[in-house]
Amino acid sequence: MKDRFISGYNDFVLPFVIGMIFILTYLVIGIIRIIVQLPAADRKKFFLSLINPRLWVINLKDIICDVLLHTKIWKRKPLLGYMHSSIAFGWFMLIVLGHIETWLFVPDRLSTFYYPVFFRFFVMETDHTLKGSFFFFLMDFFLLVVLSGVFLAMFKRIRSMMFGMRRTTKNQIPDRLAMYCLWAIFPVRLLAESFTAGIAGGSFLTRPMYWLFSNFLTNTYHILPTWWAYSTLLGTFFVLLPFTRYMHIPTEAFLIVLRNAGIKVSHPRKGYSIAQIYSCSNCGMCIDACPMMGQKKNLRFATVYFNRLLRRRNWARCEESADKCLMCGKCVAVCPVGVDSCNIKRSLRGLRAAPAPADYSYFTSYSLPEGVENSKEKVLYYAGCMTQLTPVISKAVAAVLDHAGVDWSFMDRDGGICCGRPLILAGRDERAQEMIRRNTELIRQSGATTLLLSCPICYKVFRENYDLKGIRIVHYTEYFDELVRLGRITLRNSGEKIVYHDPCELGRGCKVYRQPRRVLSAAGELVEAEKHHDESICCGGSLGSLTLSYEDRKDITLKALDNLMYASPERIVTACPLCLKTFSPYSPKKVSDFAEVVAQNMN
């Protein structure tokens with residue numbers, strides 16, 4: 001192969017060049033802005049991550065899996081996963097192969113950044129070689145892969161149910177324009193490369209089309225118009241990118257680098273949060289996942305629309321959406337990009353002024369029960385507010401611990417201080433710190449080496465927000481599983497058909513799935529709900545929502561119960577006092593706490 005043109009230039013590349021310069025400038029400015037807006041500690045983490053070889057490997061793996069191959073979508077919805085990965089990975093390979101061809105055949109042009117993109121226009125085939133044929137085949141193959149993804153994307157707009165999606169995102173005008181450009185780019189590229197196949201060569205896709213067109217079209221007259229069209233579509237798409245859902249294409253890789261560096265949300269629309277909301281692909285997977293979406297009136301509160309409002313700085317509607325959210329984390333679990341929308345909403349709540357002054361004077365009235373302080377007992381049990389309101393749980397926990405001969409104490413037997421999680425969910429982190437400080441003092445005074453929790457809400461906040469170095473923090477499902485495996489308690493199998501409900505904070509929040517199932521399998525016949533593990537449906541009683549009505553909560557509860565009744569269980573078991581209290585009035589079957597089942601089936 002050799003150059004067709006001495007200059008290596010044609011005016012048709014101008015739209016592409018202008019679009020590329022625009023988007024690269026926008027990206028550089030945006031990245032600098034994000035880094036500047038990061039808190040000093042996070043900025044340090046980011047720069048240190050850039051010189052960490054281990055993180056480079058992790059970043060590369062995550063970018064390949066999440067940005068190019070979309071493995072998270074493949075696992076949930078294979079056809080949708082193929083659609084996304086065929087376009088992303090196929091396009092990436094076309095770019096890579098274009099550069100390799102340029103390097104092999106016309107290396108002097110590698111520094112001209114547009115040349116590999118329009119390689120088939122600027123070169124001519126001088127002789128047939130195996131190497132050339134191999135690259136012709138690869139280019140045609142990956143172009144076909146991309147075209148198949150584009151076809152599926154078009155079809156998805158008509159029949160989304162085939163892709164496992166009941167609802168899709170409503171696109172706005174800029175999104176539609178960018179979408180139509182994206183749909184047209186690759187068919188037009190196929191035409192352009194087909195018209196030049198007689199000059200620059202081609203393979204199984206472009207050669208037949210060249211022969212077909214040559215029978216009724218004068219190919220040489222159509223070469224330049226089609227390459228102009230291809231360049232114009234690319235340039236237009238790049239200019240539209242920052243104002244559309246497709247901005248996730250260049251932004252997601254940077255988000256992965258920030259996330260793996262350990263950066264956290266500190267403001268709803270600064271720094272890390274900006275990278276997240278611009279990485280949202282508006283795929284709409286969070287719409288079907290959200291438990292509030294059972295009612296059509298709540299569709300506007302879906303996370304995808306919250307992200308869109310946040311990009312536009314529509315603060316009033318953003319606050320309304322943030323206050324309505326259950327904070328169950330299901331949208332985060334199913335998000336293929338991993339946008340941490342719950343923490344963005346929580347940080348938005350925190351921008352509002354507190355409605356009333358805080359009074360912590362009552363803290364002094366709480367102390368450890370008699371005999372607990374400096375007792376050096378190994379296990380300190382903290383029941384928490386919701387367990388105190390559901391005493392059947394703390395009684396069952398006490399029965400199991402006593403039966404196993406555990407050396408333990410009851411920290412809040414006579415009442416105690418809230419763990420602080422409700423205030424954190426409301427965005428009142430500073431106020432929660434006062435509770436955290438006092439609880440930490442009491443726990444340290446106890447001399448315990450293990451802190452045992454029966455409430456997932458408490459468990460999550462103790463793990464993430466407390467500084468209890470040297471003290472093991474464990475949920476009772478994990479601890480009882482250890483007791484069973486160590487033989488300190490043995491269970492008889494009742495044969496009762498049991499379904500386990502994964503509480504939001506314990507499952508999606510803390511990734512505790514195996515331990516409760518292992519124990520319950522020893523106590524009865526364990527069956528699964530239709531949706532379980534990280535797709536488990538919130539009970540509806542979540543402390544996260546500040547404004548969700550009683551009627552809406554009841555609707556969510558009933559849908560969660562329908563999901564749990566999928567395998568016709570005889571009993572529903574959960575490991576959260578809030579879920580137990582929420583399900584019990586409406587459940588057609590008995591609802592029990594995990595500790596109750598263990599206590600009832602001990603030998």
Side-chain angles (χ1 to χ4, degrees), residues 366-420 435-492 506 510 512 514-516 518-520 522-523 573 575-577 592-603:
Y366 287 104
S367 59
L368 293 170
E370 188 178 346
V372 174
E373 188 169 349
N374 294 320
S375 64
K376 300 300 180 184
E377 291 174 332
K378 292 182 179 179
V379 176
L380 182 67
Y381 172 48
Y382 176 88
C385 307
M386 286 307 303
T387 303
Q388 293 286 12
L389 296 172
T390 321
V392 65
I393 298 175
S394 55
K395 289 177 182 177
V397 170
V400 174
L401 294 175
D402 289 340
H403 184 84
V406 176
D407 191 13
W408 70 286
S409 295
F410 199 154
M411 175 177 167
D412 51 344
R413 181 184 62 206
D414 303 321
I417 300 168
C418 176
C419 65
M435 296 178 171
I436 290 170
R437 182 188 57 77
R438 180 56 180 155
N439 277 325
T440 300
E441 290 175 358
L442 294 174
I443 294 166
R444 292 288 185 195
Q445 288 172 18
S446 74
T449 56
T450 298
L451 179 65
L452 180 66
L453 292 312
S454 54
C455 174
I457 300 168
C458 299
Y459 179 53
K460 184 173 174 66
V461 75
F462 273 109
R463 279 197 359 166
E464 296 181 357
N465 300 90
Y466 279 70
D467 181 13
L468 292 171
K469 189 175 181 180
I471 298 174
R472 183 189 177 206
I473 301 167
V474 62
H475 190 254
Y476 71 153
T477 55
E478 300 170 296
Y479 194 68
F480 290 0
D481 176 56
E482 290 177 9
L483 294 177
V484 171
R485 287 190 290 121
L486 291 171
R488 295 181 66 176
I489 56 174
T490 57
L491 301 175
R492 60 179 178 274
L506 186 64
C510 299
V512 176
R514 295 192 318 274
Q515 296 91 329
R518 207 153 43 200
V519 174
L520 292 174
V573 179
C576 171
S592 299
D593 182 75
F594 174 83
E596 285 184 89
V597 175
V598 175
Q600 290 166 6
N601 289 278
M602 290 188 300
N603 287 316

Partner of Ser592 under side chain to side chain contact (heavy atoms under 4.5 Å, CB included), picked from Val597, Ile393, Val392, Val598, is Val597
Hey, is Arg444 close enough to Glu441 for a salt bridge, meaning N to O under 4.0 Å?
no
Please examine the side chains of [Y] and [X], heavy atoms only from C-beta on, and report whether any two atoms are closer than 4.5 Å.
X: Arg472; Y: Thr449; answer: no
X: Tyr476; Y: Asp593; answer: yes
X: Thr440; Y: Arg437; answer: no
X: Phe594; Y: His475; answer: no
X: Leu380; Y: Ile471; answer: no
X: Cys418; Y: Cys458; answer: no
X: Phe480; Y: Val484; answer: no
X: Phe462; Y: Ile443; answer: yes

For residues [X] and [Y], report the shortest heavy-atom separation together with the two atoms involved.
X: Ala404; Y: Ile489; value: CB-CG2, 3.6 Å
X: Ser454; Y: Pro577; value: O-CD, 3.8 Å
X: Tyr479; Y: Val474; value: N-CG2, 3.9 Å
X: Pro369; Y: Arg413; value: CB-NH2, 3.1 Å
X: Leu506; Y: Ala575; value: CD2-CB, 4.1 Å
X: Gln445; Y: Leu368; value: CB-CD1, 3.9 Å

Are any side-chain N or O atoms of Asp412 and backbone N or O atoms of Tyr382, one a donor and one an acceptor, separated by less than 3.5 Å?
no
Is there a donor-acceptor pair closer than 3.5 Å between any side-chain N or O of Arg492 and the backbone N or O of Gln600?
yes
According to salt bridge (charged side-chain N to carboxylate O under 4.0 Å, His left out), who are the partners of Arg485, at least two apart in sequence or on a separate chain?
Asp481
First locate atom OG1 of Thr390, then atom NZ of Lys395, and finally report the distance between them rounded to the nearest 0.5 Å.
11.5 Å
To the nearest 0.5 Å, what is the distance between CG (Asn439) and CD1 (Ile436)?
8.5 Å
Could you please spell out the steps behind the side chain to side chain contact (heavy atoms under 4.5 Å, CB included) verdict for Arg463 and Cys510?
CA-CA 9 Å; Arg463 279 197 359 166; Cys510 299; 3.8 Å; yes
Please test Tyr381 against Ser394 for side chain to side chain donor-acceptor pair (under 3.5 Å), starting from the C-alpha separation and ending with a verdict.
CA-CA 9 Å; Tyr381 172 48; Ser394 55; 5.2 Å; no
